[in-house]
Amino acid sequence: MKIASWNVNSLKVRLPQVLDWLEHEQPDVLALQETKITDEVFPAKAIEEAGYQVVFSGQKTYNGVAMIAKQTPDDVVTDIEGLDDPQRRILAATIDDIRVVNLYVVNGQAPGTEKFAYKLNWLQKVTDFLDQQLNDYQNVIVLGDFNIAPDDRDVHDPEKWHEKILCTTEERSALNRILDLGFQDSFRLLHDQGGYFSWWDYRMNKFSRGMGLRIDLILASDELSETLSAAYIDLEPRKNERPSDHTPVVAEFDW
DNA sequence: ATGGTGGTCATACCA
């Protein structure tokens, strides 16, 4: 089971790159964030012609999530208890006996803002939902753009980012509350070193200068994580013309 | 300290 997550920053712009990546990498599941496209015009046909099935929850201009899979996604959920939210950031489905929860976590702008408070509340409600998912399903994967760098190894310049958005103690504590439910950061099970990133700001040539953050994560429930066989970040799509600012992260399980 | 790049939409907003 090869599962991946990629914030594509507009599926309309990035569809050719997504189709290329699917053909080349043949993942069983690819979770997308920031599709920025309404369900009415979602390019399902092009994805199905590539041999995949797809489910999606989109909106105009902002947010939007989708999951592309070789097996049929069942029991799709797009809204959770306690969160009456027009922003399309959550997509859960059962694929090949694994409950997969795709998240586009709120960015939060800056500590102390309204958006930051929304981020923390959103994370609390999602944490409650994930706790329920662990009760209801044997194996759970939570993946997506978390908009949180788990620790300073995941930040190119920790001093500069100290207590800045994506790196605050409050955000990291919220992530740890999710992990404490019974999840493992798949990448960190196999790699201890810093310097691995999944997002680089478009500005100031951050990618070519190696100045990024690791904010795209694949969390696996404890039992499932024991079957993890590989975890990596594929830097190639970030080198494309007109790239997303994020690149795909991948985990492979003996499943 | 500021602004820089990119997507969407056609002007600011979001990241």
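Throughout, a chain's letter reflects where its sequence line sits, starting with A, and its residues are numbered from 1.
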Requested in this report: Quote, to the nearest angstrom, the C1' distance that separates B/dA12 from B/dA1.
Outcome: 23 Å
Query - Shared hydrophobic cluster, A/Trp6 / A/Ile95 (ILVMFWY, side-chain heavy atoms < 4.5 Å) - result: no
Query raised in the report: Separation of A/Asn9 atom CG from B/dT5 atom C1', in whole Å?
Result: 11 Å
Requested in this report: Determine the stems involving DNA chain B; a stem requires 3 or more consecutive pairs of the Watson-Crick or G-U wobble kind, each with both distances below 3.5 Å, and the answer is none if no such run exists.
Outcome: B:5-8 with B:12-15
Query - Rounded C1' spacing from B/dA10 to B/dC14 in Å - result: 16 Å
Report task. Can you run down the salt bridge (Lys or Arg N to Asp or Glu O under 4.0 Å) pairs that involve residues 193-203 of chain A, sequence neighbours left out, and say none if there aren't any? Result -> A/Asp201-A/Arg203
Query - Between C1' of B/dG6 and CZ of A/Phe207, the distance in whole Å - result: 16 Å
Query raised in the report: Hey, quick one: are A/Tyr52 and A/Leu11 part of the same hydrophobic cluster, counting side-chain heavy atoms closer than 4.5 Å, chains of contacts allowed?
Result: yes
Report task. Please test A/Thr168 against A/Glu171 for side chain to side chain donor-acceptor pair (under 3.5 Å), starting from the C-alpha separation and ending with a verdict. Result -> CA-CA 5 Å; A/Thr168 67; A/Glu171 292 165 279; 2.6 Å; yes
Requested in this report: Could you check whether the rings of A/Trp161 and A/Trp199 sit parallel, tilted or perpendicular, using 30° and 60° as the cut-offs?
Outcome: perpendicular
Query raised in the report: Hey, can you pull the residues of residues 157-171 of chain A with a non-hydrogen atom under 4.0 angstrom from DNA chain B?
Result: none
Report task. Using a cut-off of strictly less than 4.0 Å, decide whether A/Ser10 has a side-chain nitrogen or oxygen near OP1 or OP2 of B/dG6. Result -> no
Report summary line: To the nearest angstrom, the CD-P distance between A/Gln33 and B/dG7 comes to 17 Å
Requested in this report: Examine the side chains of A/Lys119 and A/Gln109 and answer whether a donor and an acceptor come within less than 3.5 Å of each other.
Outcome: no
**Report entry** A/Met204 CE - B/dG3 P separation (whole Å)
**Finding:** 13 Å
Query - Candidate list A/Lys125, A/Gln132, A/Gln124, test side chain to side chain donor-acceptor pair (under 3.5 Å), partner A/Asp128, passing option - result: A/Gln124
Query raised in the report: Atom NZ of A/Lys60 and atom C1' of B/dT8: how far apart are they, to the nearest Å?
Result: 9 Å
Query raised in the report: Going by the ring-ring contact (aromatic ring centres under 6.0 Å, His included) test, which pairs reach into residues 215-234 of chain A, not counting sequence neighbours?
Result: none
Query - OP1 or OP2 of B/dG7 under 4.0 Å from side-chain N/O of A/Arg14 - result: yes
All N/O contacts under 3.5 Å from nucleotides 12-15 of chain B to the protein, with atom names and distances to one decimal?
{"unit_1": "B/dC14", "atom_1": "OP2", "unit_2": "A/Lys115", "atom_2": "NZ", "d": "2.9"}
{"unit_1": "B/dC14", "atom_1": "O5'", "unit_2": "A/Lys115", "atom_2": "NZ", "d": "3.4"}

Report task. Apply side chain to side chain donor-acceptor pair (under 3.5 Å) to A/Asn240 and list each qualifying residue two or more places apart in sequence or on a separate chain. Result -> A/Gln17
Report task. State plainly whether the residues A/Arg99 and A/Asp74 are in salt-bridge range, i.e. N to O under 4.0 Å. Result -> no
Report task. Describe, in one word, how the ring planes of A/Tyr196 and A/His191 are oriented to each other, choosing from parallel (under 30°), tilted (30 to 60°) and perpendicular (over 60°). Result -> tilted
